[in-house]
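Below is one structure, written out as C-alpha cells; comments come after it.
Protein chains get the first letters and strands the later ones, always in sequence-line order, with residue 1 at the start of each. The basis for the numbers below is simple: all heavy atoms, side chains too, and nothing from hydrogens, waters or symmetry mates.
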Number of protein chains: 2
Amino acid sequence: MVTLEDVARHAGVSLATASRVLNGSSRQVGRAMRERVEKAAAELGYRTNVAAQTLARGASDVIGLVVHDLVDPYFAAIADGAMRAADARGHMVMVGTTHRDPEREIAYVSTLHAQRVRAVLIAGSRVTDAAVTDRLRAELGRYQETGGRVACVGQDLLGVATVAPANREGAADLARALAALGHTRFAVLAGPPHLVTAVDRRTGFAEALADLGLPEPQIVYGSFDRGGGYTAVQEVADATCVFAVNDVMAVGALAALRERGVRVPDDVSVAGFDDIATLRDLTPALSTVRLPLADMGARAVELALSGDHGDPPVVAGVEGRIVLRDSVRRLR
Amino acid sequence: MVTLEDVARHAGVSLATASRVLNGSSRQVGRAMRERVEKAAAELGYRTNVAAQTLARGASDVIGLVVHDLVDPYFAAIADGAMRAADARGHMVMVGTTHRDPEREIAYVSTLHAQRVRAVLIAGSRVTDAAVTDRLRAELGRYQETGGRVACVGQDLLGVATVAPANREGAADLARALAALGHTRFAVLAGPPHLVTAVDRRTGFAEALADLGLPEPQIVYGSFDRGGGYTAVQEVADATCVFAVNDVMAVGALAALRERGVRVPDDVSVAGFDDIATLRDLTPALSTVRLPLADMGARAVELALSGDHGDPPVVAGVEGRIVLRDSVRRLR
DNA sequence: CTGTTAGCGCCTTCAC
DNA sequence: GTGAAGGCGCTAACAG
C-alpha cells in the first residue's frame with residue numbers, strides 16, 4: 001500500500017510538500033516540485049487514504065442519506081437529486097434504507113455519526129409516535145453537537161432544516177379540482193394512520209371537501225404501498241372518485257379495479273399524489289399532485305451544508321402542482 | 001467530541017480496556033470493568049470514530065456501489081438487494097451514480113479506493129470500447145492489489161467476480177417463445193450499439209430467429225431508456241412483434257404506439273426484458289424476461305466478500321425466465 | 001516556498 | 001484480565 005511518505009521519498013521532497021500538492025491545501029507549491037510529486041504519485045499508483053485524512057482534518061466529505069426504500073420511486077428520485085447535488089460539491093453519499101422501521105432510522109443516524117459524515121439527510125414521512133420522534137431528535141442532537149449538519153425531507157418535526165412538501169395544501173387543491181369536475185362522493189385510500197404524510201394528505205383533502213360543503217369522504221386505511229391501494233380500494237362503497245394518498249397506492253387501486261372490471265374513469269375516477277415519473281405511462285394516465293422530488297433531494301443537501309452552526313433551522317416549503325389526466329372524468 | 005480516552009478516564013480504566021469493550025476485540029474483559037465502561041460511554045454519549053478505527057485497523061467496513069442511475073428501477077432493484085446483503089453483514093454502502101458515463105465509473109473506483117472501502121460493486125452494462133474497459137480494469141487492479149474486493153453485475157469482461165445475467169440466452173428463449181405464437185416478422189428496438197447488454201440481447205434474439213429459419217428482424221438503434229423505445233418504435237416498418245431490449249424502452253414504445261392509435265397486442269405485439277416490478281401494472285401487461293434483480297445485487301455482495309485474495313474470479317450465471325403477458329398475441 | 005514535527009482517535013502487540 | 005506505548009497515514013501549525 002503506497003503512502004504519502006512513499007511518494008514524498010520517491011520524489012525527494014518532504015511529506016508536507018507532497019501533501020500540499022496531492023491533497024489540495026491552500027498553500028502554493030513551486031512548479032518543479034509539484035510536477036515531481038505528481039509524477040511520483042502516478043508512478044507509484046498513490047491513492048489518498050481518506051480515513052487518515054478524515055482523522056487528521058477532523059471532517060469527512062461524505063454525506064449520509066437515510067431513506068425508507070430505494071425501490072420506491074419516490075425515494076429513488078429524492079436520492080438521485082441529493083446525489084447529484086452532493087456530487088457537485090465533491091461529496092460521496094452513504095445510503096441507509098430503513099424499510100420503514102423508525103428504529104433503523106435512529107440506528108442509522110448513530111452509525112453515520114460514527115462515520116463522522118459531514119451531514120445527514122433524512123428523507124421520508126415522520127411517524128405520529130412522539131416517543132420515537134423524540135429519540136430520533138435526541139440522536140440527531142448528539143450528532144449536531146459535534147458539528148454534524150442535518151436536513152430532513154418531510155415534516156418539520158425534528159427541529160432541523162427541513163424541505164417540507166405542502167401535503168395538506170396539495171391534497172386540498174386536488175380536492176377542489178376534483179370537486180370542480182362535479183364529483184361529490186369521494187373515498188380516500190388513506191394509508192396508515194401513524195404516517196404523518198398520509199395523515200396530512202388525508203386531512204387536507206377531507207377539510208377542503210368540508211369547506212365546500214360536500215359530504216365526508218369514505219376513509220379506508222391500509223399500507224402506504226401498492227398493496228395498500230390494491231386492498232383498500234375494494235372496500236370503497238359508492239364513491240365516484242377515489243383519492244389514493246400516493247401514486248404507488250393509486251397504481252394498486254387501478255390494478256384492483258381493472259381486475260374487477262370497473263372502468264376508470266368511466267365508472268370511477270382515481271387520483272394519486274407525487275407524480276412519479278416511472279408511472280407516467282400508465283393507462284389511464286394518473287391524475288396527481290406533482291412534487292419536484294429530485295429538487296427536494298438537492299435542496300436538502302443545500303440546506304444541510306449551508307448556514308452556520310448556531311442558525312435556527314430553515315424550513316423550505318415545497319408546493320405541489322395539480323396535474324389532471326385521463327384517470328379522472330368530468331361529471332357534469 | 002467525546003473520545004475513547006474520555007470514556008476510559010471517566011470509567012477509570014485504561015484506553016485498551018475501553019477499546020476492547022466498546023469496539024469488539026477478541027479479548028475478554030471482566031464483567032465489572034465492562035459495565036463501568038459501557039455506563040461511561042452511555043453517559044458521555046460516545047460514538048466510535050470510524051475514521052480512526054479504519055486507519056488503525058487498515059480496513060473499513062463500508063462497501064462501495066457504482067450504478068448508472070438510481071432512478072432506473074433496474075438499478076434501484078439491484079442496489080436494494082446489495083444493500084440488504086451488505087446490511088446483513090454489518091456493512092454500510094456508499095453509492096456512486098455514473099449516469100452512464102464510463103469515465104465516471106473509473107473515477108468512482110478511484111474515489112472508493114481512496115475511501116479504502118472493503119469492496120467495490122460495479123453494476124451495469126460494459127461498453128464495447130475496449131480502451132475504456134481496459135482502463136477500468138487497470139483501476140480495479142490497483143485497488144485489488146491493496147486488498148480490495150471487487151464484484152461486477154453484468155458482463156464478465158473485467159476479470160473480477162461477476163454476476164452475469166444470461167442476456168443472449170434469455171433473448172433467444174424469448175424469440176423462440178414469440179415465434180411459437182406464430183410471429184415471423186420481428187423488429188428489435190436495439191438500444192445503443194456500444195452497450196454490451198443491448199448487443200447481447202439483440203444478437204441472442206436475432207440468432208434464435210435465424211436458427212428457426214425466420215427472416216432477419218428489423219434492427220432500430222437508439223438510447224437505452226424510455227425515450228429510446230419511444231423514438232425507435234416509430235421507425236418500425238411492418239413487424240407483427242417488437243422486442244425492446246429492456247422494459248423501460250418497451251414502455252416508451254407502448255406510449256408511442258398508443259399515441260399513434262396502434263393497438264397492442266391486436267395490431268402489434270410488444271415484449272421487453274428485465275421484468276421491472278414497478279412496471280407490472282401497465283396495460284397491456286408487458287411480456288418480458290424476468291431477471292432476479294435483487295438477488296443479483298445480493299449475490300454480488302457475497303461474491304465480493306467471499307473467497308480468498310488469490311482465488312480466480314467466480315462467474316455466477318443468472319438465468320432469465322420468460323414471462324408472457326397480454327402485450328403479445330398468438331397469431332395462429 | 002519548503003521542511004519539521006506534533007498530534008488526530010483508535011488498535012494491538014507486548015509486558016505485567 | 002489489564003495497562004502501557006508505538007504506530008496507522010495524513011494535516012496543519014510552526015520554523016526556516
For atom CG of A:Asp6 and atom P of D:dG9, their distance in whole Å: 8 Å
Taking CG from B:Leu15 and C1' from D:dT2, how many angstroms apart are they, rounded to a whole number? 13 Å
What contact category does A:Gly30 fall into here, base, sugar-phosphate, or nothing, at under 4.0 angstrom with non-hydrogen atoms? sugar-phosphate
Could you walk me through whether A:Arg137 and A:Asp134 pass the salt bridge (charged side-chain N to carboxylate O under 4.0 Å, His left out) check? CA-CA 5 Å; A:Arg137 284 183 74 125; A:Asp134 282 348; 5.0 Å; no
Would you say the base of D:dG3 and the side-chain of B:Arg20 have a donor-acceptor pair closer than 3.5 Å? yes
Length of the CG-C1' vector between B:Leu55 and C:dC8, whole Å: 9 Å
Would you kindly give the CG-to-P distance between A:Asn49 and D:dG9, to the nearest whole Å? 7 Å
Salt-bridge test for B:Glu145 and B:Arg142: reply yes if a basic N is under 4.0 Å from a carboxylate O, no otherwise. no
Would B:Glu35 and B:Lys39 satisfy salt bridge (charged side-chain N to carboxylate O under 4.0 Å, His left out), going step by step from the backbone distance to the final call? CA-CA 6 Å; B:Glu35 284 171 358; B:Lys39 182 154 160 289; over 6 Å; no
Using whole Å, what does the distance between atom C1' of nucleotide D:dG3 and atom CZ of B:Arg9 come to? 16 Å
For a quick check of understanding: with a heavy-atom distance under 4.0 Å over all strands, which category does B:Met33 fall into, base, sugar-phosphate or nothing? sugar-phosphate
What do the steps show when you test B:Arg135 against B:Glu103 for salt bridge (charged side-chain N to carboxylate O under 4.0 Å, His left out), and what is the final call? CA-CA 9 Å; B:Arg135 284 172 42 230; B:Glu103 296 300 331; 2.7 Å; yes
Upstream residue (5' side of DNA chain D) when B:Thr17 and B:Ala56 are each assigned their closest nucleotide: B:Thr17
For A:Asp225 and A:Asp72: C-alpha separation, side-chain torsions, deciding distance, then whether side-chain contact (heavy atoms from CB on, under 4.5 Å) applies. CA-CA 9 Å; A:Asp225 51 19; A:Asp72 184 333; over 6 Å; no
Answer yes or no: are there more than 12 heavy-atom neighbours, outside B:Glu43 itself, under 6.0 Å from its atom CD? yes
Under 4.0 Å: is that the gap between some side-chain N or O of B:Ser19 and OP1 or OP2 of C:dC11? yes
To the nearest 10 degrees, the angle between the two end axes of the helix from C:dC1-D:dG16 to C:dC16-D:dG1 (five pairs per end) comes to 30°
Closest to the A:Tyr46 side chain: C:dG9, C:dT4, D:dC10? D:dC10
Taking only side-chain N and O atoms of B:Asn23, does any of them lie within less than 4.0 angstrom of OP1 or OP2 on C:dC11? yes
Is it true that atom CZ of A:Arg299 has more than 12 heavy atoms of other residues, nucleotides or ligands lying nearer than 6.0 Å? no
Taking only side-chain nitrogens and oxygens of B:Thr3, does any of them come within less than 4.0 Å of OP1 or OP2 of C:dG9? no
Could you state the atom-to-atom distance from CD of A:Gln53 to C1' of D:dC8 in whole Å? 15 Å
What is the nucleic acid contact for B:Leu4, judged by heavy atoms within less than 4.0 Å: base, sugar-phosphate only, or nothing? sugar-phosphate
Starting at CD of A:Glu5 and ending at P of C:dT4, how long is that distance when rounded to a whole Å? 12 Å
Separation of A:Arg57 atom CZ from D:dA13 atom P, in whole Å? 12 Å
B:Arg34 (side chain) and D:dG1 (base): donor-acceptor pair under 3.5 Å: no
Begin from the C-alpha positions of A:Arg84 and A:Asp87 and carry the test salt bridge (charged side-chain N to carboxylate O under 4.0 Å, His left out) through to its verdict. CA-CA 5 Å; A:Arg84 285 175 192 266; A:Asp87 200 82; over 6 Å; no
